Protein chains: 2
Amino acid sequence: MSGPNTPIRNDCDECALASRCFPAFISVEKRFRVTQIITTNLTYDKTALLYRQGEKAKHIYIIKFGSFKTYISNPNGTEYINGFYMTGDIINMESVDQGIHLNSASALENSMVCKVSFLRLTILKDEFPTLANMAIKVYSQALALSQDLLKCISKQSATSRLATFLLIINRRQNIQNQDPDKIYLSMSRQDIANYLGLAIETLSRVFTRLNESGCIIKHNRHSDLSIHDRDLLQRYASGVEN
Amino acid sequence: MSGPNTPIRNDCDECALASRCFPAFISVEKRFRVTQIITTNLTYDKTALLYRQGEKAKHIYIIKFGSFKTYISNPNGTEYINGFYMTGDIINMESVDQGIHLNSASALENSMVCKVSFLRLTILKDEFPTLANMAIKVYSQALALSQDLLKCISKQSATSRLATFLLIINRRQNIQNQDPDKIYLSMSRQDIANYLGLAIETLSRVFTRLNESGCIIKHNRHSDLSIHDRDLLQRYASGVEN
DNA sequence: CCTTTTCGTTGACTTAAATCAATGTCTGTT
DNA sequence: AACAGACATTGATTTAAGTCAACGAAAAGG
């Protein structure tokens, strides 16, 4: 189908994320090689499993749109939420070393991902040294974020935890959002509570309090919020206000 | 009080860590180049500052012996402990992306580190492609550990947090320790409390309880412990036992 | 459209950890 | 060796968050 003069169709050229994804780290003339690295546009319905804890890990996943949670299932049926991932995030970077999925990942809404095999990445890293730079950069970011979260979750009061969580979600959604104060929560209250180390009832009460203080506005859906008084929210997050 | 003393020698060949440090990823015949990458054997006295939050970050640091804490100072004088690092650990991987120290690091005891500049690492990465592999491997590990800690710290009871902490410390010290049950805590109770998100009094009580239950044995020094009933300690850590 | 189920909120009560306060014990200094 | 100051432990009390239970609201499914 594709001869020497036929332009190779490259999904990445049209991707909104291209400027901060793998193509950005590969020279223009060799950009066509991207298609040989990346399997693009895989769709996952809400609740669909991306991978399961304990399975062999062979790929990293870049979220094109949508969101995922990673979690560890406990024997007693409860879930420990490990992280939330949204547009532009890379899932599964922590498994590259051991080659085994340390947690399970499932879609929080209908989502699309592109995947890259560890193996291809290793091989092509020699051809494209800048890919290695990208990897290190991305890992460094991920580590910094992870430490940020650790800080948020240990130590702080329930109010401070939720306020920090909302600010982090908002900051990350702002990259593609038009209204800078809108927050969309694709995960359930239970997931958030779990993630922040709180009981669901406590979380619900804090949501109510943040709403009553005029800090955030809840819209008809549970998942839609707006930040109304960002300054106050930040004071809650830092623990100055209670 | 802060700042390195004079470097002593420049030879990775004799280093006990060589097999899991940079030299391991560089071909034998070019191993001499290591000296041009690594500044070796910098000594830091107890409480000495390795770097300060907000400063420009230019190096990663490998701990040859000793230990460090990384922390963020709050305006009200309190410290938020970010992490503890010991022999073989690499400090400052999270700053590579932004190039600014996100926290401060200080020695918990008299310690020795080797440092590698980001810049040299980037340049030499092309000469030694395996260095990039090493970076990715190490980052992946760090991320996995960080998620482990997140899990330990949020959610769990005070007892479970400390038990998990002790098991993690023990596992990491075992790599160079002769007695597999000995634990040496180079950090203060306040640092541990801070790190685990507990009040120092709560931590102290839990230490006492673990001791009284025969789980751990406290020796004369606050810093010296032994695991006496590992199984019980693991049950505490998992939350089966209280 | 109405029923069923899941999810989120609110209230009453309990509990684990924080705080306040006092005491005990190391560590480093002269 | 004796002292000072920092560090660690223990006790009494308070408080924030957890648990148990009921209710309301939104999805899902026929």
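Remember, predicted model here, so these are calculated numbers, not experimental data. Note on naming: letters A, B, ... go to the chains in the order of the sequence lines (proteins, then strands), and numbering restarts at 1 for each one.
Every residue meeting the side-chain hydrogen bond (donor to acceptor under 3.5 Å, both in side chains) condition with R235(A), not counting sequence neighbours, appears here in chain and number order: D231(A), E241(A). Contacts of A16(B) classified as side-chain contact (heavy atoms from CB on, under 4.5 Å), with partners at least two apart in sequence or in another chain: none. The side-chain contact (heavy atoms from CB on, under 4.5 Å) check on T43(A) picks up M112(A), with sequence neighbours excluded. Taking Y139(B) as the reference, Y139(A) meet the ring pair (Phe, Tyr, Trp, His ring centres under 6.0 Å) condition, with sequence neighbours excluded. Residues passing the side-chain contact (heavy atoms from CB on, under 4.5 Å) test with A199(B) are E201(B), T202(B), sequence neighbours excluded. Judged as a salt bridge (charged side-chain N to carboxylate O under 4.0 Å, His left out), and not counting sequence neighbours, the contacts of D181(A) are R230(A). Applying the side-chain contact (heavy atoms from CB on, under 4.5 Å) test to I200(B) and every residue at least two apart in sequence or in another chain returns R189(B), Q190(B), A193(B).
Annotation: ring pair (Phe, Tyr, Trp, His ring centres under 6.0 Å) contacts involving residues 223-242 of chain B, sequence neighbours excluded, are absent. Pairs of residues two or more places apart, or lying in two chains, that qualify as ring pair (Phe, Tyr, Trp, His ring centres under 6.0 Å) and include a residue from residues 45-69 of chain B are Y51(B)-Y61(B), Y51(B)-H101(B).
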Set out, line by line, the N/O atom pairs under 3.5 Å between protein and nucleotides 2-5 of chain D.
none

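The side chain of K218(A) contributes no N or O atom lying less than 4.0 Å from OP1 or OP2 of dG8(C). Using a 4.0 Å cut-off, some side-chain N or O of T208(A) falls inside it from OP1 or OP2 of dT10(C).
Looking at Q53(A) and N103(A), their side chains never bring a donor and an acceptor atom within 3.5 Å of each other.
Nucleotide dT10(C) holds its C1' atom 11 Å from the CD atom of E212(A), rounded to whole Å. The separation between D224(B) atom CG and dC26(C) atom P is 12 Å, rounded to whole Å. The separation between M187(B) atom CE and dA6(D) atom C1' is 18 Å, rounded to whole Å. If you measure from atom CD of Q190(A) to atom C1' of dT9(C), you get 14 Å, rounded to the nearest angstrom. Per the geometry, CZ belonging to R189(B) stands 16 Å off P belonging to dA18(C), to the nearest Å.
Atom NZ of K182(B) has 12 or fewer neighbouring heavy atoms from other residues, nucleotides or ligands inside a 6.0 Å radius.
Rounded to 10 degrees, the angle separating the terminal helix axes of the helix from dC1(C)-dG30(D) to dT30(C)-dA1(D), each built from five base pairs, is 50°.
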(request) Mark up nucleotides 11-26 of chain D, 5' to 3', with B wherever a protein heavy atom is under 4.0 angstrom from a base atom, S wherever such an atom reaches only the sugar-phosphate, and - elsewhere. (result) BB----SBBB------
